[in-house]
Amino acid sequence: MIVLHPVLEVLASDDFTLWPVAESAPYGFLPLNGALGAAEVGTAVMRIADCNDIDPGTDDARPPRPADPLLGFLHGLLTLDDLFVSGGLRITDTATGTTFLPGCCTGLEERSDWLHVLDGTGSASFGHDPSPLAERHGDTVRLTVDAEREDSPVIELPVIDLRRLLAGAERDLADFLRLAPTWTALHLPAHTTTVTAALHRALDVPAGLPSREGARSRSDEFDRFAGPKALRVPGGTGGDGTSAR
């Protein structure tokens, strides 16, 4: 079985005190979906803000960083035009235990690069150290965990299954964003609208996607990753982000 999740790269957050966050290892990945608890949502918001915690440059039209600790930390998230969300898509073959992870310096905002694999050049890379590579060969996509290694593990799956898995990832992100208004109203009540809007900009999820539950009864949903050939095709991915082989 192939399982795909959108994941956010997270780091240790022991010294973070601006709002409640979940305990985390020194380095890891947090799946983003609608099942996260409040502390996990706090971790996600913290990490996305941290990814964009950049002081305005001398030629930057952005206003100076505020002195207030909270507003100062949120400043980049709320003022940068192009936001970075460190992470990507984690794909696991549960039969072999092989996992395809995003490398360094790649972000969830770049996930449309998967369209190059499906409908464009036929290949795309997703960071370095490791150097994951996705390549289309006819009706099959080959995922190389680390293209720098001659003996790298690989995952292979049908193109139609990958399309549906990617569509499921979009629904996961949409479900995560549905948590944002409630979480921000509780923990950042003075900034609910602006922070929620920034998270939507950062993740750039198409409006109107059904939730995971809604998608179970709409398996022929047409979205940015489901091309015409993906419509009304039996089999493929289930509604839980998996692909049976």
Dump the intermediate steps for side chain to side chain contact (heavy atoms under 4.5 Å, CB included) on Arg136 and Ser123, then the final yes or no. CA-CA 6 Å; Arg136 177 171 179 169; Ser123 67; over 6 Å; no

Ser152-Thr144 side chain donor-acceptor pair, cut-off 3.5 Å: no

Of the non-hydrogen atoms in Leu89 and Pro102, which two are nearest, and what is the gap between them? O-CD, 3.6 Å

List the atom of Leu133, the atom of Ala124, and the distance in Å for their closest heavy-atom pair. CD1-O, 3.5 Å

Could you tell me whether Arg65 atom CZ has more than 12 heavy atoms of other residues or ligands within 6.0 Å of it? yes

Arg212 with Asp172: basic N within carboxylate O range, under 4.0 Å: yes

Is there a path from Ile155 to Val141 through hydrophobic residues (I, L, V, M, F, W, Y) whose side chains come within less than 4.5 Å of each other? yes

Spell out, yes or no, whether Leu199 and Leu30 are grouped together once hydrophobic residues are joined by side-chain heavy atoms under 4.5 Å, including indirect joins. yes

Please say yes or no: joined through hydrophobic side-chain contacts below 4.5 Å, possibly via intermediate residues, are Leu165 and Val7 part of one cluster? no

Hey, what do you get for CZ (Phe84) to CG (Leu108), rounding to the nearest 0.5 Å? 9.0 Å

Check whether any side-chain N or O of Glu40 sits under 3.5 Å from a backbone N or O of Gly37 as a donor-acceptor pair, and report yes or no. yes

Would you check if there is a donor-acceptor pair between the side chains of Thr96 and Thr98 at a distance under 3.5 Å? yes

Path from Phe176 to Leu186 over hydrophobic side-chain contacts below 4.5 Å: no

Give the cluster check for Val10 versus Leu177: same hydrophobic cluster or not, with ILVMFWY residues linked at side-chain heavy-atom distances below 4.5 Å. yes

Identify the heavy atoms of His128 and Cys105 that sit nearest to each other, and give their distance. NE2-SG, 3.5 Å

Rounded to the nearest 0.5 Å, what's the gap from NE2 on His187 to OG1 on Thr192? Could you check? 11.0 Å

Output the distance between atom CG (Asp113) and atom OG1 (Thr106), rounded to the nearest 0.5 Å. 7.0 Å

Non-hydrogen side-chain atoms of His137 and Glu156 separated by less than 4.5 Å: no

Answer yes or no: are there more than 12 heavy-atom neighbours, outside Asp151 itself, under 6.0 Å from its atom CG? yes

Counting only heavy atoms not in Asp68 (residues, nucleotides, ligands), do more than 12 fall under 6.0 Å from its CG? yes

Test salt bridge (Lys or Arg N to Asp or Glu O under 4.0 Å) on Asp119 and Arg163; report intermediate values, then the result. CA-CA 10 Å; Asp119 301 311; Arg163 286 191 189 278; 2.6 Å; yes

Roughly how far, to the nearest 0.5 Å, is CG of Asn33 from CG of Leu173? 9.0 Å

Between Ala134 and Leu143, the two heavy atoms sitting closest are CB-CD2, 3.6 Å

Do the rings of Phe100 and Phe126 sit parallel, tilted or perpendicular, given the 30° and 60° boundaries? perpendicular

Nearest 0.5 Å please: distance from the CG atom of Leu179 over to the CG atom of Leu32. 10.0 Å

If every non-hydrogen atom of Leu8 is compared with every non-hydrogen atom of Ser86, which pair is closest and at what distance? CD1-O, 3.3 Å

Reported CG-to-CG distance for the pair Asn52 and Leu83, which is rounded to 0.5 angstrom: 4.5 Å

Is there a side-chain contact between Val154 and Val145 in this structure, where contact means two heavy atoms from C-beta onward sitting under 4.5 Å apart? no

Tell me the closest heavy-atom pair linking Glu109 and Val85, and the distance in Å. OE1-N, 2.9 Å

Please determine whether a side-chain nitrogen of the Lys or Arg among Asp161 and Arg164 lies less than 4.0 Å from a carboxylate oxygen of the Asp or Glu. no

Test side chain to side chain contact (heavy atoms under 4.5 Å, CB included) on Leu157 and Thr140 and set out the steps. CA-CA 6 Å; Leu157 72 162; Thr140 300; over 6 Å; no

Does atom CG of Asp139 have more than 12 heavy-atom neighbours from other groups under 6.0 Å away? no

Main chain of Val117, side chain of Thr121: is a donor-acceptor contact present, judged purely on distance under 3.5 Å? no

Side-chain touch Asp146/Ser131, heavy atoms, less than 4.5 angstrom: yes

Expected output: side-chain His75 to main-chain Pro63 donor-acceptor under 3.5 Å: yes

List the steps and the verdict of side chain to side chain contact (heavy atoms under 4.5 Å, CB included) for Ile2 and Thr92. CA-CA 6 Å; Ile2 307 297; Thr92 302; over 6 Å; no

For Trp183, the option from Leu36, Val45, Thr196 that meets side chain to side chain contact (heavy atoms under 4.5 Å, CB included): Val45

Check whether any side-chain heavy atom of Leu166 lies under 4.5 Å from a side-chain heavy atom of Leu118, and answer yes or no. yes

